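Structure record follows, encoded as C-alpha cells.
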Protein chains: 2
Amino acid sequence: METLPSGPATINDVAARAGVGVGTVSRVLNGRTNVRPVTRAKVLDAIEALKYRPSSIARNLSLRRTHVIGVVVPFFTSHSAVERVRGVASVLGRSPYDLMLFDIEAEDRREHAFRLFDRGDRSDGLLLLSLVPPDDEVERLRAARLPCVLVDAPHPGFPSIVIDDVRGGELATKHLIELGHRLIAFVGDKPPDPFRFASSRDRTLGYERALSQAGIEARPEFVREGTQSHQVARGIAIDLLRLPQRPTAVFAASDAQALGVLEAARILGIRVPQELSVVGFDDVEVAALVGLTTVRQPLFESGRRGAELLLQLVAGGADQVVEPVVEQLPVEVVIRSTTAAPG
Amino acid sequence: METLPSGPATINDVAARAGVGVGTVSRVLNGRTNVRPVTRAKVLDAIEALKYRPSSIARNLSLRRTHVIGVVVPFFTSHSAVERVRGVASVLGRSPYDLMLFDIEAEDRREHAFRLFDRGDRSDGLLLLSLVPPDDEVERLRAARLPCVLVDAPHPGFPSIVIDDVRGGELATKHLIELGHRLIAFVGDKPPDPFRFASSRDRTLGYERALSQAGIEARPEFVREGTQSHQVARGIAIDLLRLPQRPTAVFAASDAQALGVLEAARILGIRVPQELSVVGFDDVEVAALVGLTTVRQPLFESGRRGAELLLQLVAGGADQVVEPVVEQLPVEVVIRSTTAAPG
DNA sequence: TTGAAAGCGATACCAG
DNA sequence: CTGGTATCGCTTTCAA
C-alpha cells in the first residue's frame, strides 16, 4: 500500500497523495488564488483523507514569526495584574495571536532573564506589565527588533501605557483633606527591586504634594512601607493605629493594602469610617464588594490598549520607526463607604 | 570584513567564526562532554563575540518539542479559573516549560477548535481546565500523542484532577439543614454548553440528595439556573426572594453566584444571616473578605497537581501507557458569617 | 498554473 | 573528538 504513517501527515504526504508538488499544497493552504480549481480540489481531498494539519512549528521557522505574544508579568498573584492580563487576553482572543505568559514571580530571576530574552524568537512581540526591563535587556530587545510595549511602567525607549500615579495619590489625599482630615497616614510598597516599577513611590509623591498644598505638615512616622500583600499591610497598619497620635485616615497605595488596613481596624476595634477613613488604589473588583473608597485606574483597559498597540507594532513590521509614545489613562476617585469626615 | 550581519547570528556564523563545524557548536551548546577544551573555548568566544543566542524555533523543529505547556481555560474571567492558573504557573515557573494560555471564552468557538488543536504541536502537553473536550478532539489529541490532563472535569480517556461535586453540594445543604433550615433554595449554572464541564449539575445532585435524606420535599420553584456572573445570580435571587413562600436559605453553586445572592438580599433589605442564610462554593479569596460561608475546594492546589501530573507525562515520553487516573481532592465546608439558624 | 529546489536554524548520525 | 550532511516541515523564488 502506501508508506506507513509514521507520525502525523506532513505536507509531503499530502502532495504525494494529491499528485502535486508541495509548493502547490502550500499555496492551497495559504489561500493563494493562483491554483486551478481542479488542482485545489485534489489537494483539499488529500488533506481531508490524511487528516492533515500543518505544523505551526515548521511554519514558524520558515516565516520567521511565531504568532505568539509574550506577556511578562511580575507578581501574577495580584488582582491588578490579573485584571490587566484579562484585558490583554480579550484582544488577543480576536487575533491570530496566542498568549504566552511569563510569570517572573514564580521563577528565579537569573533563569528568567536567560530564558525569556534568550533570543526573543519565542514571540513576535512582548508586553511588559508593571516592570521596567534592565538596560542590557532593553538593548537586546532592540537589537532583536522585537516589538515591545510597557504597561504600568515608563521607559524612554518603548511606547507605554501608564497612569499619572502622582496625580492619583494627590486625588486620594485631597479627598481626605476635603473631608476635614489632617492626620493622614500612607501605607505603600517597599522600595522597588530593580525589575519592578515603582508606582507606589509616585503615589507617595502625590500624597506629599497634596499635604503640602493644604499646608499640612508631613509626619515621617505616618509614612509606612511594606509589600503588596494585605497581610503585611495589616501588620503595618496595626503599628500605625497604635501610635500615641493616631491617624484619622489612611491612604494605601493599593486596594490589597487597603484591605489590610481595614482588617487592622477591625482587629483593633476601630470603626470605619467613623473613627478611621481608608482610601485604596486600583479599584479591583473586591473594592466594590467591600465598599472601599479608592482611586480607580483602568486596569483591564490598560491591558487592552497595550495589546492593541503591540499588535499594531507587530503588524507594522520590523523596519518601522517606533516612537516611544506614552499613553496616559485617566484616574478618578471612587467614593464609597470607607471614608467620611473625621469623628 | 566579515559577512554583513543580516539579522541575528546563527549557529553557522558561530561555526564559521570559530573555525569549526556546526556540529561542534551544537555540542558545546548542549553541554556535551566530548569536546576538547580548546575547541570549546574557541566556540564560546565566538558565541560571546557574536552575541549569539540559539533560535528556539529551529530547536523546536529539530527536537520535535516546544518546551511549552498549553493551558486551556474557559471563562478566564472567573476567580476560580485564575486561582487554578496560578497553581499551574507556580509549577511551570520552576520547570523549563513556558505557559501558553488559551482563553476560549475570548474567542469564537470554531476558530478556537481549529487553532488550538490544529496539530497539537504548539505545546508538549495540554492542561484542560473545567472543560471536557468533544469526542473528535479527544481522538485527535490521542492520535497526536499529546499528553493531556484535565482539571475540574472528568473524562474516561485522560487522567484528571477533580473534586466530588455531589458531596460538596451535599455538605453545603446538610450544613443548612443542621442549622434548622427547611426552605432551602439552589442557585446554579445554566445547563452546560458542549464544552464546559457541568460541575454545577453535580452540586445540584448533592443538594437534592441532602434534602431527600433529611426527608425534605424538593420544591422545583426553589431551583434556579443562570450564569456564573454575580449580576445574573442577583437577578435570579431577587425573583427567589420575592416568592410568596420565601426560602430561608440559599445554596449557590459558586461564590460568584453567592455574592449575587448577597447583593439581592441587601437590595431587598433582607438581613443576612438573620433572615437569610447563604452558602457558596469554591472559597475564592473574596469569600473570606466578605465572611461568606462556603464549600472550599483546593483551587490553587488543583492547578498545581494537574501541572505536576502533566509534566510527569510529558517527561515519560509519547510511548508510555497512560492510565486515566482520577485524583480526587478534598472539599470541606468553611463556616463564616452568612449562615445561622433560621430566624 | 505548477514543480523543483533553496532556504529557515537547529540536531544527530556517520565517517574519519 | 570533529566535520559534513541529512533531516525536521514549511514557504518562497525561479523556471518551465
Side-chain angles (χ1 to χ4, degrees), chain A residues 3 5-44 46-47 50-67 118-122 124 144-145 318, chain B residues 3 5-44 46-47 50-67 118-122 124 144-145 318:
Chain A
T3 58
S6 59
T10 73
I11 197 173
N12 287 296
D13 302 329
V14 175
R17 166 131 191 169
V20 302
V22 292
T24 303
V25 177
S26 176
R27 278 169 217 129
V28 172
L29 248 29
N30 294 287
R32 294 290 196 294
T33 53
N34 52 346
V35 178
R36 228 180 352 162
V38 208
T39 316
R40 174 185 305 275
K42 279 194 298 185
V43 172
L44 257 19
I47 290 180
L50 265 29
K51 291 178 190 290
Y52 166 73
R53 301 294 160 210
S55 154
S56 45
I57 300 205
R59 213 143 189 284
N60 288 345
L61 181 57
S62 195
L63 290 175
R64 296 149 152 278
R65 48 186 288 167
T66 61
H67 271 299
D118 60 0
R119 184 178 180 141
D121 68 345
R122 295 188 72 94
D124 295 344
R145 296 174 159 286
Chain B
T3 59
S6 58
T10 74
I11 198 173
N12 287 296
D13 301 330
V14 175
R17 166 132 191 170
V20 302
V22 291
T24 303
V25 177
S26 178
R27 277 170 219 129
V28 172
L29 247 29
N30 294 287
R32 295 290 195 296
T33 53
N34 52 347
V35 178
R36 220 175 2 153
V38 211
T39 315
R40 175 186 303 277
K42 278 196 298 186
V43 171
L44 257 19
I47 289 179
L50 266 29
K51 291 179 192 290
Y52 165 75
R53 302 294 160 209
S55 154
S56 44
I57 300 205
R59 221 148 177 278
N60 288 345
L61 181 58
S62 197
L63 254 24
R64 296 150 153 276
R65 47 185 289 170
T66 62
H67 271 301
D118 58 1
R119 184 178 180 142
D121 68 346
R122 296 189 73 94
D124 295 344
R145 296 176 159 288

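Protein chains get the first letters and strands the later ones, always in sequence-line order, with residue 1 at the start of each. On a predicted model such as this, the values are computed, not experimentally measured, just so you know.
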- Which of these nucleotides, C:dG9, D:dC1, D:dG9, is closest to any side-chain atom of B:Ser55?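 The answer is C:dG9.
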- Message: Taking only side-chain N and O atoms of A:Arg64, does any of them lie within less than 4.0 angstrom of OP1 or OP2 on C:dG9?
- Response: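 Yes, because at least one side-chain N or O of A:Arg64 sits under 4.0 Å from OP1 or OP2 of C:dG9.
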Let me know the distance between [atom1] of [X] and [atom2] of [N], rounded to the nearest Å.
{"X": "B:Asn60", "N": "D:dC10", "atom1": "CG", "atom2": "C1'", "result": "14 Å"}
{"X": "B:Ile57", "N": "C:dT11", "atom1": "CD1", "atom2": "P", "result": "14 Å"}
{"X": "B:Asn12", "N": "C:dG7", "atom1": "CG", "atom2": "P", "result": "11 Å"}
{"X": "A:Lys42", "N": "C:dT2", "atom1": "NZ", "atom2": "P", "result": "8 Å"}
{"X": "B:Arg53", "N": "C:dC8", "atom1": "CZ", "atom2": "C1'", "result": "20 Å"}
{"X": "B:Asn34", "N": "C:dA12", "atom1": "CG", "atom2": "P", "result": "12 Å"}
{"X": "A:Arg40", "N": "C:dT1", "atom1": "CZ", "atom2": "C1'", "result": "12 Å"}

- Task: Check side chain to side chain donor-acceptor pair (under 3.5 Å) between A:Ser26 and all other residues, then give those that pass, not counting sequence neighbours.
- Result: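 Partners of A:Ser26 by the side chain to side chain donor-acceptor pair (under 3.5 Å) criterion, ordered by chain and then number, come out as A:Asn30.
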- Task: Could I get the full list of side chain to side chain donor-acceptor pair (under 3.5 Å) partners for A:Asn60, not counting sequence neighbours?
- Result: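 By the side chain to side chain donor-acceptor pair (under 3.5 Å) rule, A:Asn60 matches no residue at all.
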- Query: Where do B:Asp121 and B:Thr66 land on the side-chain hydrogen bond (donor to acceptor under 3.5 Å, both in side chains) test, with the steps shown first?
  - Reply: CA-CA 8 Å; B:Asp121 68 346; B:Thr66 62; over 6 Å; no
Locate the shortest heavy-atom distance separating [X] from [Y]; write the atom from each residue and the value.
{"X": "B:Ala46", "Y": "B:Ala18", "value": "CB-CB, 3.9 Å"}
{"X": "B:Thr24", "Y": "B:Val43", "value": "CG2-CG2, 4.4 Å"}
{"X": "A:Tyr52", "Y": "A:Val14", "value": "CG-CG2, 3.5 Å"}

- Task: Give me the bend of the helix from C:dT1-D:dA16 to C:dG16-D:dC1, using the axes of the five pairs at each end, rounded to 10°.
- Result: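 The angle, to the nearest 10 degrees, is 40°.
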- Message: By the side chain to side chain donor-acceptor pair (under 3.5 Å) test, which pairs, at least two apart or in different chains, include something from residues 32-44 of chain A?
- Response: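 For residues 32-44 of chain A: none.
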- Query: If the sugar-phosphate is the primed atoms plus P, OP1 and OP2 and the base is the rest, what is the B/S/- string for nucleotides 11-16 of chain D, using protein heavy atoms under 4.0 Å?
  - Reply: BBB---
- side-chain contact (heavy atoms from CB on, under 4.5 Å) partners for B:Ala58, two or more places apart: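 Listed in chain order: A:Leu61, B:Ser55.
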- A:Ile47 side chain reached by A:Leu29 side chain, heavy atoms, under 4.5 Å: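 They are in contact (side-chain heavy atoms under 4.5 Å apart), so the answer is yes.
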